[in-house]
Number of protein chains: 2
Amino acid sequence: MNVPIHPDVPTSSCAGALEPLKVACASCNLRELCLPVGLTPTDLQRLDGLVEKRRSVPRGEHLFRNGDRFEALYAVRTGFFKTCVGSEDGRDQVTGFQMAGELLGLDGISSDQHHCDAVALEDSSVCVIQYRDLEELSREFTVLQHQFHKIMSREIVRDHGVMLLLGNMRAEERLAAFLLNLTQRLQARGFSASSLVLRMTREEIGSYLGLKLETVSRTFSKFQEDGVLDVKQRQITVLDPQALQRLISNAAC
Amino acid sequence: MNVPIHPDVPTSSCAGALEPLKVACASCNLRELCLPVGLTPTDLQRLDGLVEKRRSVPRGEHLFRNGDRFEALYAVRTGFFKTCVGSEDGRDQVTGFQMAGELLGLDGISSDQHHCDAVALEDSSVCVIQYRDLEELSREFTVLQHQFHKIMSREIVRDHGVMLLLGNMRAEERLAAFLLNLTQRLQARGFSASSLVLRMTREEIGSYLGLKLETVSRTFSKFQEDGVLDVKQRQITVLDPQALQRLISNAAC
DNA sequence: CGCTGTTTTGAGCGTCCTCAAGAGTAGTGG
DNA sequence: CCACTACTCTTGAGGACGCTCAAAACAGCG
């Protein structure tokens with residue numbers, strides 16, 4: 001388990017059942033990371049109708065699949081997801097890992113059907129946001145509209161960063177960038193920046209980074225030899241974060 | 001020059017000066033590819049205020065740069081662009097090539113500043129769409145709002161496709177996918193599907209595909225030897241499009 | 001405890017990169 | 001019109017990085 005520093009951040013242990021429980025964004029402790037960033041408390045009240053229900057997704061299950069009809073976006077409440085796209089000939093590529101407060105399903109807007117699979121990597125729960133409702137409400141709330149656009153744009157910027165990684169970096173640099181990104185996001189959620197538990201396999205990391213699982217494993221081992229990491233299976237301790245940073249900054253040297 | 005089949009599609013030859021000429025989307029022959037897809041002619045009339053001016057960008061010049069304040073989106077009217085992101089240590093990655101009817105600048109919404117460079121690869125002209133105006137109008141026109149969301153989502157889906165390419169494909173497959181994508185987009189704009197002129201260097205293609213320019217050149221040569229392409233510098237003729245298709249479908253075999 | 005899936009590690013190989021030279025093309029100015 | 005320069009593209013030879021194939025160690029779970 002990743003150790004929560006802020007005790008009010010939800011952990012997997014409080015994953016709810018799949019009842020359509022009314023959950024107000026106003027009282028959600030993820031509101032500073034999630035869709036309603038920037039909304040005033042009074043706006044938030046009126047937003048209650050938007051997130052009408054939760055859905056829990058057990059580890060290994062799909063939240064949605066490539067080809068599914070698109071109707072809703074999903075905000076991760078607890079747990080951890082991966083998204084992946086597949087090529088015509090069966091290979092697949094992990095396109096991202098999503099944690100609490102992050103949005104899933106944006107790919108579906110383009111043609112009213114999903115273009116990737118979303119799979120829970122641990123027992124998870126999401127808030128279901130009907131896209132029609134979001135469109136309607138964002139016509140009324142300028143702040144919500146703007147925030148939604150920002151989230152989509154941020155996803156585009158993120159994807160461009162991944163392209164840079166896949167197109168230009170070597171194995172060590174890719175893994176370093178991946179780990180730094182993970183720790184930063186965990187830190188923003190109140191977890192330790194130096195100790196983390198990977199929710200995904202070496203193969204999934206490899207798929208995301210454009211590497212084979214053996215290469216990922218070897219690179220972890222090398223980081224351990226160099227004293228940069230302590231690796232015990234999926235339990236990772238970052239001993240020298242600056243070494244990771246140097247890898248991706250001085251990469252050309 | 002790519003040979004227009006539909007004579008009403010604009011070519012570079014009619015690139016305008018930089019006067020703030022009033023250009024109505026209603027009378028633009030790109031309207032079926034561009035932002036106002038799906039709007040009725042009467043809606044289009046009311047949209048006139050949105051695209052208030054054009055801007056022409058000579059070959060080699062920047063439309064915007066990483067770090068520039070974000071204020072507007074740009075719809076390519078004529079010409080051809082590349083976008084690229086740079087890493088901390090100076091390497092850069094081409095993240096896309098944009099042609100007539102495609103939107104530039106979506107990356108800027110995330111933090112009110114641009115996160116990539118946009119460079120004209122030939123003398124080009126763009127329609128300037130003030131983002132504030134677009135937000136405002138899309139609150140009024142549901143169709144416009146939805147179309148805009150679709151365009152952002154499509155960009156995300158496209159980026160995921162590029163990740164798949166960069167993460168899983170080998171050099172020949174990457175170049176085949178690139179060429180098929182280009183010819184399809186040119187075809188949608190009324191150009192030949194078999195004959196095209198590349199607007200970018202081997203190095204830029206390589207950067208986009210995560211390859212070195214020598215590898216791109218070698219792969220072009222191999223395609224020529226195999227009778228799949230005819231390559232005369234940047235003048236490309238696709239002799240066997242199905243062979244390209246097979247490369248990316250049967251890739252694993 | 002045995003089964004299964006994940007991870008580690010080794011050895012050999014292939015694809016693409018690096019370095020380098022030369023040919024082709026475009027733009028500039030005499 | 002032709003040299004001159006700068007840039008782009010092609011092609012070759014050698015090497016490096018990551019992949020493939022394979023086996024064994026390890027962890028999780030019924």
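Values in this document were obtained by computation on a predicted structure and should not be read as measured data. As a basis for the values below, the full set of heavy atoms in this structure was taken, side chains included, without hydrogen atoms, waters or symmetry mates.
- In this entry the distance linking CD of A/E203 with P of C/dG5 reads 12 Å, nearest Å.
- Taking the six-membered ring wherever Trp is involved, the centroid distance between the rings of B/F97 and B/F81 does not fall below 6.0 Å.
- At whole-Å resolution of the value, NZ in B/K232 and P in D/dT10 are 12 Å apart.
- The side-chain heavy atoms of B/L196 and B/L198, taken from C-beta on, include a pair separated by under 4.5 Å.
- The number of heavy atoms from other shown groups lying within 6.0 Å of CD (B/Q113) is above 12.
- Of the candidate nucleotides C/dC17, C/dT7, D/dT20, C/dT7 has the atom lying nearest to any side-chain atom of A/R234.
- Mapped onto DNA chain D by nearest heavy atom, B/E225 and A/L213 fall at different nucleotides, with B/E225 at the one closer to the 5' end.
- One interatomic measurement links the two molecules: CG of A/N168 to P of D/dG18, which rounds to 13 Å at whole-angstrom precision.
- For a distance-only test at 3.5 Å, the side chain of A/E214 qualifies as a donor-acceptor partner of the base of D/dC21.
- B/T201 comes within 4.0 angstrom of sugar-phosphate atoms only, judged by non-hydrogen atoms across all strands, and of no base.
- Counting to the nearest Å, the C1' atom of C/dT15 and the CG atom of B/L247 are 15 Å from each other.
- Counted by atom type alone, B/E172 and B/T219 present zero donor-acceptor pairs between their side chains at under 3.5 Å.
- Protein atom CZ of A/R202 is 9 Å distant from nucleotide atom C1' of C/dT8, rounded to whole Å.
- Counting distance only, with no hydrogens placed and no angle test, the side-chain atoms of A/R218 and the base atoms of C/dG10 include a donor-acceptor pair under 3.5 Å.
- Residue-level contact check: A/G206 touches neither bases nor backbone, having no heavy atom under 4.0 Å from any strand.
- For the atom pair A/R77 CZ and A/C28 SG, the distance stands at 4.5 Å (nearest 0.5 Å).
- Protein atom CG of A/L198 is 15 Å distant from nucleotide atom C1' of D/dA27, rounded to whole Å.
- Residue A/L211 is in sugar-phosphate contact alone, with no base atom involved, counting any heavy-atom pair closer than 4.0 Å across all strands shown.
- Within 4.0 Å (heavy atoms only), B/S217 reaches at least one base atom of the nucleic acid.
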